[in-house]
Amino acid sequence: MKILANDGIAQSAIELLSAKGFEVITQKVDQEDLIEAINQENYAGLLVRSATKVRQDIIDNCPGLKFIGRGGVGMDNIDVEYARSKGLTVENTPAASSQSVAELVMAHLFSLARSVYDSNRQMPHSGNGDFKVLKKKYAKGIELRGKTLGVIGFGRIGRATARYALGCGMEVIYVDPYSEVAHLNIQVGAETKVDVPIEKVELKELLSSSDFISLHIPAQADGKAVIGAEEFNQMKNGVRIVNAARGGVIDENALITALDNGIVSCIALDVFENEPNPRKDLLVHEKIALSPHIGAATVEAQDRIGIEMAEKIIAFFGK
């Protein structure tokens with residue numbers, strides 16, 4: 001039984017699958033060559049992350065394919081319902097990366113609050129001659145404690161982010177049509193757990209009340225951005241934003257305008273509309289902190305993702 005892990009998979013998962021008789025191939029196949037490769041090599045399973053797309057053409061033209069796995073949460077790069085209608089099993093690993101993504105969001109929140117992202121750019125070039133100038137430039141940092149974080153999307157990752165933020169002394173409000181969470185359980189130290197009340201609000205209130213905003217929602221089926229010009233105009237002036245969810249959730253043209261007119265003080269982007277080729281004006285904008293879609297890119301998360309997916313493959317094929 002051959003499995004193509006086209007976007008890679010943890011070694012621990014390869015070892016688990018190999019022990020059960022699966023052959024796992026991790027050599028990357030270009031998108032345009034996938035159909036031919038799957039058929040020629042008789043792959044029964046295809047594992048992807050966010051880079052590889054599994055659309056109707058692959059589903060229709062690969063009759064030997066039985067299992068599609070997405071290592072991670074969102075499955076917008078897979079035509080899930082169509083695949084299932086054709087008898088394929090489609091699985092993901094929704095819980096495995098929550099902690100890692102939330103920690104990256106917190107790293108970006110701290111960076112935005114103190115302009116760390118920009119000072120890291122400027123110090124190598126100007127730190128030796130303009131040290132005092134840079135010190136003055138970054139003298140207006142703010143603390144996270146006491147500020148309001150608005151979380152858009154309150155699934156596993158949104159809740160994990162909220163727990164960290166509450167632990168830092170932030171106020172947290174959230175928007176989610178599918179979630180009704182009144183309390184969050186927060187672990188303090190090895191044994192102590194604290195039950196903290198949490199407030200659900202409407203989007204308009206979140207936008208106008210939040211000092212920081214973090215997005216944790218999938219790309220919309222119709223391709224429409226959740227945050228566009230109208231939403232930016234409802235935000236508190238000087239808001240700071242983190243998007244570690246999906247490219248396209250924020251209208252990038254409207255974002256540039258909001259940054260340039262000061263509505264948005266700064267933003268951290270881990271995801272982009274045109275991955276893996278983000279637009280240049282985002283990459284060079286002085287008010288944008290950047291990371292290359294690394295929310296789940298920790299050793300711990302990759303091991304959890306791989307093992308969870310391996311177990312689902314083994315269960316499906318009855319090994």
(Q) Side chains of Glu199 and Tyr174: any donor to acceptor distance under 3.5 Å? (A) no
Q: Give a yes or no answer on whether the side chain of Asn243 reaches the backbone of Leu269 with a donor-acceptor pair at less than 3.5 Å.
A: no
Q: Compare every heavy atom of Ile250 with every heavy atom of Ala225, then report the nearest pair and how far apart it is.
A: CB-C, 3.9 Å
Q: Indicate the atoms forming the closest heavy-atom contact of Val105 with Ser214, along with that distance.
A: CG1-OG, 3.3 Å
Q) Does a side-chain N-to-carboxylate-O contact under 4.0 Å join Glu308 and Arg304? A) no
Q: Give a yes or no on whether the backbone of Asp118 and the side-chain of Ser115 come within a donor-acceptor separation of less than 3.5 Å.
A: no
Q: Please examine the side chains of Ser126 and Val133, heavy atoms only from C-beta on, and report whether any two atoms are closer than 4.5 Å.
A: no
**Q.** Leu259, Val264, Ile152 screened by side chain to side chain contact (heavy atoms under 4.5 Å, CB included) with Ile241, the one that passes
**A.** Val264
Q: Would you name the heavy atoms of Met309 and Gly71 that are closest together and state the gap between them?
A: CE-N, 4.3 Å
Q) Hey, is CZ on Arg145 packed in by over 12 heavy atoms from elsewhere, all under 6.0 Å? A) no
Q: Check step by step if side chain to side chain contact (heavy atoms under 4.5 Å, CB included) holds for Glu23 and Ile25.
A: CA-CA 7 Å; Glu23 181 181 355; Ile25 308 301; 3.5 Å; yes
(Q) Just so I know, are the side chains of Leu215 and Val151 near enough to count as touching, which here means a heavy-atom distance under 4.5 Å? (A) no
Q | Val90 versus Met75, closest heavy-atom pair with distance | A | CG1-SD, 3.9 Å
(Q) Donor-acceptor check, side chain of Ser119 to backbone of Val116, threshold 3.5 angstrom: yes or no? (A) yes
**Q.** Heavy atoms of other groups near Asp195 CG, more than 12 under 6.0 Å
**A.** yes
Q) Do you know which two heavy atoms are closest between Ile68 and Ala83, and how far apart they sit? A) CD1-CB, 4.2 Å
**Q.** Short side-chain donor-acceptor distance under 3.5 Å, Tyr117 and Glu286
**A.** no
**Q.** Ser85 side chain to Tyr82 backbone, donor-acceptor under 3.5 Å
**A.** yes
Q) Only one of Lys53, Lys86, Arg55, Arg70 clears salt bridge (Lys or Arg N to Asp or Glu O under 4.0 Å) with Asp79; which? A) Arg55
Q: Determine, stepwise, if the pair Arg240 / Asp211 fulfils salt bridge (Lys or Arg N to Asp or Glu O under 4.0 Å).
A: CA-CA 6 Å; Arg240 293 163 166 87; Asp211 303 297; over 6 Å; no
Q) Hey, is Arg246 close enough to Asp76 for a salt bridge, meaning N to O under 4.0 Å? A) yes
Q: Determine, for Lys200 against Asp176, whether the closest basic-nitrogen to carboxylate-oxygen distance falls under 4.0 angstrom.
A: no
Q | Polar contact flag, side-chain donor to acceptor under 3.5 angstrom, Ser291-His293 | A | no
Q | Expected output: side-chain Glu275 to main-chain Phe272 donor-acceptor under 3.5 Å | A | yes
(Q) Quick check against the 3.5 Å criterion: does Asn61 have a side-chain atom that pairs as donor or acceptor with the backbone of Ile35? (A) no
Q: Could you list all the salt bridge (charged side-chain N to carboxylate O under 4.0 Å, His left out) pairs where at least one residue sits in residues 26-43, not counting sequence neighbours?
A: Lys2-Glu41, Asp7-Lys28
Q. For Glu143, does the CD atom have more than 12 heavy-atom neighbours from other residues, nucleotides or ligands under 6.0 Å away?
A. no
Q) Does a donor on one side chain sit under 3.5 Å from an acceptor on the other, for Arg49 and Gln302? A) yes
Q. Are Val54 and Leu34 close enough that some pair of their side-chain heavy atoms sits under 4.5 Å apart?
A. no
Q. Is the side chain of Ser210 donor-acceptor paired with the backbone N or O of Leu206 at a distance under 3.5 Å, no angle test?
A. yes
Q. Heavy-atom count around Glu171 CD within 6.0 Å, excluding the residue itself: above 12?
A. no
(Q) So does Ala254 get a backbone contact from the side chain of Asp251, meaning a donor-acceptor N/O pair under 3.5 Å? (A) yes
Q: Check Ala165 against Val172 and note the closest heavy-atom contact, atom names and distance.
A: CB-CG2, 3.9 Å
Q. In Å and rounded to the nearest 0.5 Å, what is the CG to CD1 distance from Leu184 to Ile198?
A. 4.5 Å
(Q) Under 4.0 Å between a side-chain nitrogen and a carboxylate oxygen: does that hold for Lys137 and Asp130? (A) no
Q: Decide if atom CZ of Phe131 counts as having more than 12 heavy atoms of other residues, nucleotides or ligands within a radius under 6.0 Å.
A: no
Q: Go through the side-chain N and O atoms of Asn253 and Arg279 and say whether any donor and acceptor fall under 3.5 Å apart.
A: yes
**Q.** Whether Gln187 side chain and Gly189 backbone form a donor-acceptor pair below 3.5 Å
**A.** yes
(Q) Let's go through Val196 and Arg163 carefully: what are the C-alpha distance in whole Å and the side-chain angles of both, what is the deciding distance for side chain to side chain contact (heavy atoms under 4.5 Å, CB included) to 0.1 Å, and is it a yes or a no? (A) CA-CA 9 Å; Val196 180; Arg163 289 188 177 95; over 6 Å; no
Q. When you measure from the side chain of Ser18 to the backbone N and O of Ile14, does any donor-acceptor pair fall under 3.5 Å?
A. yes
